[in-house]
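Every value quoted in this text rests on a predicted model; they were computed, and no experiment measured them. Below, chain A is the first sequence line, B the second, and so on; all start at residue 1. Side chains are part of it too, since the values below use all heavy atoms of this structure and drop only hydrogens, waters and symmetry mates.
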There are 2 protein chains.
Amino acid sequence: MKINKFPNKNIWSELIKRPVLKSEELTEIVAEIFKKVKESGDQALIDFNKKFDNAEVKNIRVSDEEIENAEESISEELKIAIQQAKENITKFHTSQIPVIEKIETTKGVICWRESRAIEKVGIYIPGGTAPLFSTVLMLAIPSQIAGCKEVILCTPPDKNGNINPAILYTAKLCGITEIFKTGGAQAIAAMTFGTESIPNVYKIFGPGNQYVVAAKDYCQKFGIAVDMPAGPSEVLVIADEQAIPEFCAADLLSQAEHGNDSQVIFISSNEKIFKQTIEETEKQIKELPRNEFAKESLKNSHFILLNTIDEALEFSNLYAPEHLILALKDFEKYIIKIQNAGSVFLGNYSCESAGDYASGTNHTLPTNGFAKNYSGVSLDSFVKKITFQNLSKKGLQNLGKTIEIMAEAEGLLAHRNAVSIRLN
Amino acid sequence: MKINKFPNKNIWSELIKRPVLKSEELTEIVAEIFKKVKESGDQALIDFNKKFDNAEVKNIRVSDEEIENAEESISEELKIAIQQAKENITKFHTSQIPVIEKIETTKGVICWRESRAIEKVGIYIPGGTAPLFSTVLMLAIPSQIAGCKEVILCTPPDKNGNINPAILYTAKLCGITEIFKTGGAQAIAAMTFGTESIPNVYKIFGPGNQYVVAAKDYCQKFGIAVDMPAGPSEVLVIADEQAIPEFCAADLLSQAEHGNDSQVIFISSNEKIFKQTIEETEKQIKELPRNEFAKESLKNSHFILLNTIDEALEFSNLYAPEHLILALKDFEKYIIKIQNAGSVFLGNYSCESAGDYASGTNHTLPTNGFAKNYSGVSLDSFVKKITFQNLSKKGLQNLGKTIEIMAEAEGLLAHRNAVSIRLN
């Protein structure tokens, strides 16, 4: 860990730097994978399963039987937990359904917006070290609330050709039964073009490794939308004198365990809390089973002592963290000062893992500084908003002259004529 | 114009095809321009002004004096029209400010979202055949309602080094006074990297030629967000027996005059209206000053006769038009069937040019079929939504076990520990 006491503001721009992503180098590899999937469809996916995941898979599509069996193989305890999380996530995302408000901008001119679900969406769930069934909840639930007609899920098989049962159980619980055994860039290609088994989609969601990231970049060339640009996960914790070092250390490590490149920043205005949190972090890390990841990611992480909480927030807004924890007594008065962050956790009992799993907020959030210009996933991500307008004859009479004058000044006389012909 | 009577559904996929954009070929040219702007800043912009716009410009930044003078050189009539449009656009976009709603998902667990303006945004306004001051309104007004701290505008100078006064007047009226004389890919590069005169921004809005489109694609590699992917403008008109052929023809032509590649589709279920609208279009086009554009774009445009309005809407949803006009008696009952469209105009008096200029809706809309997966510009485009959560000690006690079980099942024990350490 890198310890910075009262760093001068002119080096802050160094402290906020993220690891550089090398997605451009991967574009060629990804383009080749897209080409093969476009040409050979399912067969390409079967070949890639063998090549990259060492898995023999006959049917790309997960059978109903496999989904049924999954339900039996996971514990009651886990099912109940997943169901409680689902309830909370559903409650919070349902509250995001907008009310339609018709606005009369000029007498006789009524304008409004209505949401429509994106009809076809794809969810990507990575394989790898942890089966991310929580991400299934985060993406499937809002897709169902939005009313997306076709929601499919792609995830790589293990070497026996199976999908983790918690992923299958969660998907089914959320109404998703079109599940396909394919991972990496080839899964993104399949959802872009469609194959014999896999329908093409209009928007792709979900995290993944560097190939998936590059593929989600590449698929946009073919008109596919994606949830947001990607980067390694991050947390920034701001602590004052009443923060509890044990809690802060646990939060920092819960981020650090994600992977070697996770970003962890701790800021305090209190030297005692600062010192104790460093000590606690070093103590707790020894007990973690994934501590090889955590140790690696802590090497690049900053522990920063600053003069005031205001200064800490200034730094945080510059860094634009994915997760921001305010372990502050008066957190309420600092909310208004938060400009750039993905999701904010307030007070000593709002640990990041609450939002990662079960409080109800979405855990698909902007990383890599993208909290400056992107929102996290929400119900909005699964809909488009269409504007409507209805002008009565009277309405057009009231507004017509304005339109005619403006159209003429822009040199667009057919635009003007569309009004004139109606008014004459 | 291409006339299609009762086309079989298996050729619909042909009828919805857009002209293919060749943005990839331009990437190399654009990359070179970005490199020069990054290296040489303002000097590169001055050189490009000379090279591409044949303009000698000493100061990239428009002076206060130039802005003042602009006000004097445009007519009172136009000023009043712009002001009325501004009022309506302000009214409609202000209605999009969301109400903050705090949700208690589990007892003691409170979650909500708050909007924050994107701090630095850039608006691009093309030069060329028409001075698009209406686009200044559409992009500047929501940026001001959102509260963006820094809003800049780039637009190419004419060959005398000047900017059209209507653009300067409108920008100032909307509170924008940081205006720069630079166009094309170099303007996008300047807003991406910043130069001596031009600040860098986090998100770039606005239409442009193929170089601008390619540059807005390219700038995303550097972490810059953009409003939406681009394509030529489009309208699809659906008319029943009570539609007025003169009005329909005028609407079709107001789209066709935009440029050679504009897309125009007319659908009717009534043979008489179908025939009359074709005749009216041929008649009206002769009187248009920009009819060389309109004639060219009509060549690629489809006039389609279908059996029913339901079938017309099915076609429209497949095409996903930027603008959709329902010249229908019972338009209200068809609203729910509209799945994919940018902006919808209802009834005989809701001409597209109302929305282009002054009704209050935004005219920056998804083209090229992107209405399937993107919304048009709205207040949302200028903000990010941050999620907040506050768990009381009791709240974490209520939810803790669920989080612990899920974290353990994902193999993320530091995530579990962040809860356990608080509960013990």
Side-chain angles (χ1 to χ4, degrees), chain A residues 77-78 81 84 88 91-92 95 101 103 105 109 111 116 118 130 202-203 225 246 250-251 253-254 257 288-289 339 341 343-344 346-347 349-351 353-354 357-361 372-373 375 384-391 393 396 399 402-403 405-406 409-411 413-415 417-418 421, chain B residues 77-78 81 84 88 91-92 95 101 103 105 109 111 116 118 130 202-203 225 246 250-251 253-254 257 288-289 339 341 343-344 346-347 349-351 353-354 357-361 372-373 375 384-391 393 396 399 402-403 405-406 409-411 413-415 417-418 421:
Chain A
E77 191 185 56
L78 180 56
Q84 190 186 7
N88 284 354
K91 214 179 280 179
F92 187 59
S95 78
E101 199 190 350
I103 306 294
T105 54
V109 180
C111 305
R116 293 290 185 274
I118 297 172
Y202 302 150
K203 189 167 183 176
E246 288 84 348
D251 289 334
L253 289 171
S254 77
E257 79 171 338
L288 288 180
Q339 171 62 38
S343 194
V344 184
L346 302 164
Y349 288 90
S350 304
C351 50
S353 44
Y357 288 109
S359 63
T361 58
K372 284 180 180 158
N373 42 11
S375 307
K384 317 140 304 156
K385 290 184 180 167
I386 302 177
T387 47
F388 288 84
Q389 62 202 282
N390 177 225
L391 284 77
K393 190 171 180 180
L396 190 62
L399 199 57
T402 287
I403 303 166
I405 292 167
M406 289 175 75
E410 286 195 350
L413 296 189
H415 281 65
N417 192 46
I421 206 165
Chain B
E77 192 184 57
L78 181 55
Q84 190 186 7
N88 285 353
K91 214 179 279 179
F92 187 58
S95 78
E101 198 191 350
I103 306 294
T105 54
V109 179
C111 305
R116 293 288 185 275
I118 297 172
Y202 302 149
K203 189 166 184 177
E246 289 84 348
D251 290 332
L253 289 170
S254 77
E257 80 172 336
L288 288 180
Q339 170 63 38
S343 195
V344 184
L346 302 164
Y349 288 90
S350 303
C351 50
S353 45
Y357 289 108
S359 64
T361 60
K372 284 180 180 156
N373 42 11
S375 307
K384 315 142 304 158
K385 288 185 183 168
I386 302 177
T387 47
F388 287 84
Q389 61 201 281
N390 178 224
L391 285 77
K393 191 171 179 180
L396 190 62
L399 199 57
T402 287
I403 303 167
I405 292 167
M406 291 176 74
E410 286 195 351
L413 297 189
H415 282 65
N417 192 48
I421 207 166

ask   = Do A:Q339 and B:K384 have side-chain heavy atoms sitting under 4.5 Å apart?
value = yes
request  = Hey, could you give me the CG/CZ distance between A:L346 and B:F388, rounded to the nearest 0.5 Å?
outcome  = 6.5 Å
key: Most chain A-contacting option - heavy-atom pairs closer than 4.5 Å, from B:A250, B:C111, B:S95, B:G360   = B:C111
Residue A:L288 versus chain B: region with a heavy atom under 4.5 Å = side chain
task = Identify which of A:K385, A:E77, A:K372 forms the greatest number of heavy-atom pairs closer than 4.5 Å to chain B.
result = A:K372
request  = Mark yes or no for whether A:N373, through its side chain, and B:Y202, through its backbone, hold a donor-acceptor pair below 3.5 Å.
outcome  = yes
request  = List the atom of A:A418, the atom of B:S353, and the distance in Å for their closest heavy-atom pair.
outcome  = CB-OG, 3.8 Å
note = Minimal heavy-atom distance between A:I403 and B:A358, with the atoms involved, is CG1-CB, 4.0 Å
key: Gap separating the CD atom of B:E246 from the CD1 atom of A:I421, nearest 0.5 angstrom   = 6.0 Å
request  = Could you grab the distance from atom OH of A:Y357 to atom CD of B:E410, nearest 0.5 Å is fine?
outcome  = 3.5 Å
task = Spell out, as yes or no, whether a donor-acceptor pair under 3.5 Å connects the side chain of A:K91 to the backbone of B:T105.
result = yes
ask   = Checking heavy atoms, do the side chain of B:E101, its backbone, both or neither come under 4.5 Å from chain A?
value = side chain
inquiry  = For B:L396, which atoms come within 4.5 Å of any heavy atom of chain A: side chain, backbone, both, or neither?
reply    = side chain
query = Would you say B:E257's side chain and A:A414's backbone share a donor-acceptor pair under 3.5 angstrom?
reply = yes
query = So which of A:L413, A:N417, A:L253 has the largest heavy-atom pair count under 4.5 angstrom toward chain B?
reply = A:L413
message = At a heavy-atom distance under 4.5 Å, which candidate from A:A341, A:S375, A:G347 has the highest pair count against chain B?
response = A:S375
query = Are the side chain of A:Q389 and the backbone of B:S350 linked by a donor-acceptor contact shorter than 3.5 Å?
reply = no
key: Test side chain to side chain contact (heavy atoms under 4.5 Å, CB included) applied to A:N88 and B:L399, B:V109, B:I103, the passing residue   = B:L399
